[in-house]
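Scroll down for the structure; my scribbles are underneath it.
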Amino acid sequence: MVRWGGVADDFTGATDLATNWVARGLRTSVTLGVPTEEQLDGLRGMDAVVVALKSRTAPVADAVDDSVAALRALRRLGAERFYDKYCSTFDSTPEGNIGPIADALMAELDTDLAVVVPAFPATGRTVYQGHLFVGRQLLSDSSMRHHPLTPMTRSDVVELLAPQTAHAVRSVPLATVRAGAEALRTALAEHRRADSRTYVVVDALDEADLAVIAEATADHPLVTGGSGLALGLPAAPGGPATSAMPIAGGHRAVLAGSASSATRGQIADARDRLPTRKLDLAALRADLPAEVARLTAWAGEQWAAQPATPVLVYAVDSLDDIESAPPAGGRPAGELVEEALAGCATAFAAAGARQFLVAGGETSGSVVQALDIARLELGPRLAPGVSWAHGTAADGHGYNLALKSGNFGRPDIFTAGWQELR
Ligand SMILES: Nc1ncnc2c1ncn2[C@@H]1O[C@H](COP(=O)(O)OP(=O)(O)OP(=O)(O)O)[C@@H](O)[C@H]1O
Ligand SMILES: O=C(O)[C@@H](O)C(=O)CO
């Protein structure tokens with residue numbers, strides 16, 4: 001029976017949360033978009049289901065509608081506990097969408113308090129004195145300040161969330177967390193208000209802190225955060241719930257639309273070792289389908305020479321590539337890149353590609369929607385927050401996909417990550 005329902009604001013975030021639930025022994029499926037009634041029937045045997053949405057940078061009203069629809073579908077599956085998954089670097093703007101989505105889920109569940117826990121220590125995200133760190137840097141000093149869609153120029157999570165919600169935003173310090181679950185429960189209770197809803201940002205530096213937060217919130221219908229809090233759940237006695245993943249035989253491609261620093265490092269690492277093409281924004285603006293056709297012909301030549309070698313198509317290798325505003329009358333670069341990589345995914349699939357490593361949450365959303373895959377089952381873990389998965393497209397073809405968050409993964413993941421597919 002489904003115990004947990006996850007609502008994730010992007011596709012990499014969904015597989016990130018699912019990776020951590022699987023690690024804690026929960027059999028977890030990911031649906032790409034809100035599941036249909038027919039899909040719900042096939043999900044009833046899972047312990048947890050994550051609905052992947054493309055709501056992080058969608059118009060607020062659409063993001064809220066989709067999130068509520070996802071929550072209602074998960075309730076129809078019998079889920080009673082819900083995880084509002086957003087980015088561990090709190091990717092959002094002063095308008096949202098983290099606040100509006102969480103507000104809507106709180107209202108739908110009629111709950112008056114939700115913790116806010118971006119921390120994911122295995123990937124260097126920690127929260128201290130309410131401030132979000134990425135490794136040794138404050139979020140606002142990290143590469144996230146240059147994100148093309150959601151530049152993060154502040155680090156205080158209370159200050160980040162407050163403009164996005166009408167509800168109160170409070171915080172609980174690390175000392176309280178380190179005093180244990182009972183102390184944290186008491187502190188959270190002190191923040192409850194009879195007449196309003198409240199968010200509480202909770203400090204966490206390591207997985208022991210996350211375990212305390214998980215224990216203190218065990219009766220909360222809704223928790224919010226990055227995926228780290230899922231690792232706070234007690235480990236199931238049988239170990240991780242990874243099932244044997246079907247391997248989809250076919251050509252391989254890396255599609256990288258992310259401009260994040262880890263992805264740029266991974267591109268630099270792979271560029272000289274894999275056949276590589278960088279997207280040309282001018283060519284995409286001039287004739288996007290023709291450019292996709294050129295890339296597909298090039299990929300076909302590479303696979304003809306080396307059938308098992310992945311090709312790499314990427315968008316950004318230097319911050320100078322990021323276009324903050326389109327030329328007069330032109331389409332935004334982000335849209336062009338997403339459409340081009342989605343086009344590459346379908347054209348490469350038609351040419352026999354069946355294994356895709358995709359970098360970036362928005363990019364993954366565009367790629368997986370283009371491939372018309374509705375559900376993913378997780379296979380081997382590639383890195384903290386990243387797993388291989390298998391999905392079947394509407395046309396019956398099976399695919400192996402690794403949806404890598406922009407800032408996750410080791411530098412050699414684009415070349416070494418395929419070893420798991422044996
Ligand atoms: N040269 C560019 N100029 C502006 N935007 C770009 C450029 N190249 C790519 N983009 C866009 O930047 C966005 C990157 O977001 P995406 O979610 O794919 O990666 P990410 O934010 O690094 O990953 P994640 O969300 O998993 O952390 C995409 O919409 C992509 O199309
Ligand atoms: O939480 C994270 O950092 C990732 O799962 C993510 O959401 C990136 O898009």
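Just so you know, ligand 1 is whichever comes first in the structure, and atom 1 is the first atom listed for that ligand.
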ask   = Do any nitrogen or oxygen atoms of Ala333 lie less than 3.5 angstrom from nitrogen or oxygen atoms of ligand 1?
value = no
key: Those atoms of ligand 1 less than 4.0 Å from some heavy atom in Arg56   = 25 (O)
query = Does the Gln164 side chain pair with the main chain of Leu160, one donor and one acceptor, at a distance under 3.5 Å?
reply = yes
inquiry  = As an exercise, identify every atom of ligand 1 less than 4.0 angstrom from a heavy atom of Val337.
reply    = 8 (N), 9 (C), 31 (O)
ask   = Is the backbone N or O of Ala230 less than 3.5 Å from a side-chain atom of Tyr83, with the two atoms forming a donor-acceptor pair by type?
value = yes
message = I need the nearest protein heavy-atom contact for atom 21 (O) of ligand 1: residue, atom name and distance, please.
response = His147 NE2, 2.4 Å
ask   = Does Arg197 offer a backbone N or O that forms a donor-acceptor pair with the side chain of Asp112 under 3.5 Å?
value = no
ask   = Quick one: nearest non-hydrogen protein atom to atom 19 (O) of ligand 1, plus distance?
value = Gly360 CA, 3.3 Å
task = If you have a sec, work out which protein heavy atom is nearest atom 8 (N) of ligand 1 and how many Å separate them, to one decimal?
result = Val316 CG2, 3.3 Å
task = Find all atoms of ligand 1 within a distance of less than 4.0 Å from any non-hydrogen atom belonging to Thr363, and give their numbers and elements.
result = 18 (O)
query = Do Asp84 and Thr224 have side-chain N/O donor and acceptor atoms under 3.5 Å apart?
reply = no
Contact atoms of ligand 1, heavy-atom distance to Pro148 under 4.0 Å = 5 (N), 12 (O)
query = Sub-3.5 Å donor-acceptor pair from the side chain of Asn400 to the main-chain atoms of Ala248, do we have one?
reply = yes
ask   = Taking the six-membered ring for Trp, are His167 and Tyr199 parallel (under 30°), tilted (30 to 60°) or perpendicular (over 60°)?
value = tilted
query = For atom 10 (N) of ligand 1, which candidate among Gly257, Ser366, Ala315 holds the nearest heavy atom?
reply = Gly257
inquiry  = With heavy-atom distances below 4.0 Å as the criterion, list the atoms of ligand 1 near Ser260.
reply    = 20 (P), 22 (O)
key: ligand 1-proximal atoms of Leu279, by part, heavy-atom distance under 4.0 Å   = neither
remark   = Residue, atom and distance of the protein heavy atom nearest atom 31 (O) of ligand 1 read Gly334 O, 2.8 Å
query = Between the main-chain N or O of Gly265 and the side-chain N or O of Asp269, is there a donor-acceptor pair closer than 3.5 Å?
reply = no
inquiry  = Any side-chain to backbone donor/acceptor pair from Asp203 onto Leu174? Under 3.5 Å, distance only.
reply    = yes
inquiry  = Using only atom types and a distance under 3.5 Å, with no angle test, would you say the side chain of Lys404 pairs donor to acceptor with the backbone of Phe408?
reply    = yes
ask   = Considering Lys404, Glu362, Glu338, Glu323, which one's heavy-atom position lies nearest to atom 29 (O) of ligand 1?
value = Glu338
query = Asn407 to ligand 1: N or O pair under 3.5 Å?
reply = no
ask   = Mind checking whether Gly406 has an N or O less than 3.5 Å away from an N or O of ligand 1?
value = yes
Parallel, tilted or perpendicular, as decided by the 30° and 60° cut-offs, for the rings of Trp4 and Trp21 = tilted
ask   = Heavy atoms under 4.0 Å from ligand 2: which residues qualify?
value = Asp10, Thr12, Gly13, Asp16, Arg56, Lys85, Tyr86, Cys87, Ser88, Ser405, Phe408
inquiry  = For Ile322, state whether at least one heavy atom is located under 4.0 Å from any atom of ligand 1.
reply    = yes
message = I want to know if ligand 1 touches Thr12 in the polar sense, i.e. an N/O pair below 3.5 angstrom.
response = yes
ask   = Does a side chain donor of either Thr165 or Asp103 reach within less than 3.5 Å of an acceptor in the other side chain?
value = yes
query = Heavy-atom count around Glu80 CD within 6.0 Å, excluding the residue itself: above 12?
reply = no
inquiry  = For a quick check under 3.5 Å, do Ser29 and Glu377 share a side-chain donor-acceptor pair by atom type?
reply    = yes
key: Enumerated ligand 1 atoms positioned under 4.0 Å from heavy atoms of Ser405   = 26 (O)
inquiry  = Return the closest protein heavy atom for atom 13 (C) of ligand 1 as residue, atom name and distance.
reply    = Leu149 CD1, 3.8 Å
inquiry  = Could you check whether any side-chain N or O of Ser155 sits under 3.5 Å from a backbone N or O of Ser140, counting only pairs where one atom can act as donor and the other as acceptor?
reply    = yes
key: Element-labelled atoms of ligand 1 that are located less than 4.0 Å from some non-hydrogen atom of Gly361   = 16 (P), 17 (O), 18 (O), 19 (O), 23 (O), 24 (P), 25 (O), 26 (O)
inquiry  = Keeping Thr346 on the side-chain end and Gly343 on the backbone end, is there a donor-acceptor pair under 3.5 Å?
reply    = yes
task = Write out the residue and atom name of the closest protein heavy atom to atom 1 (N) of ligand 1, then the distance separating them to 0.1 Å.
result = Asp321 O, 3.0 Å
inquiry  = Less than 3.5 Å apart, any donor N or O on the side chain of Asp91 or Thr89 sitting next to an acceptor on the other?
reply    = yes
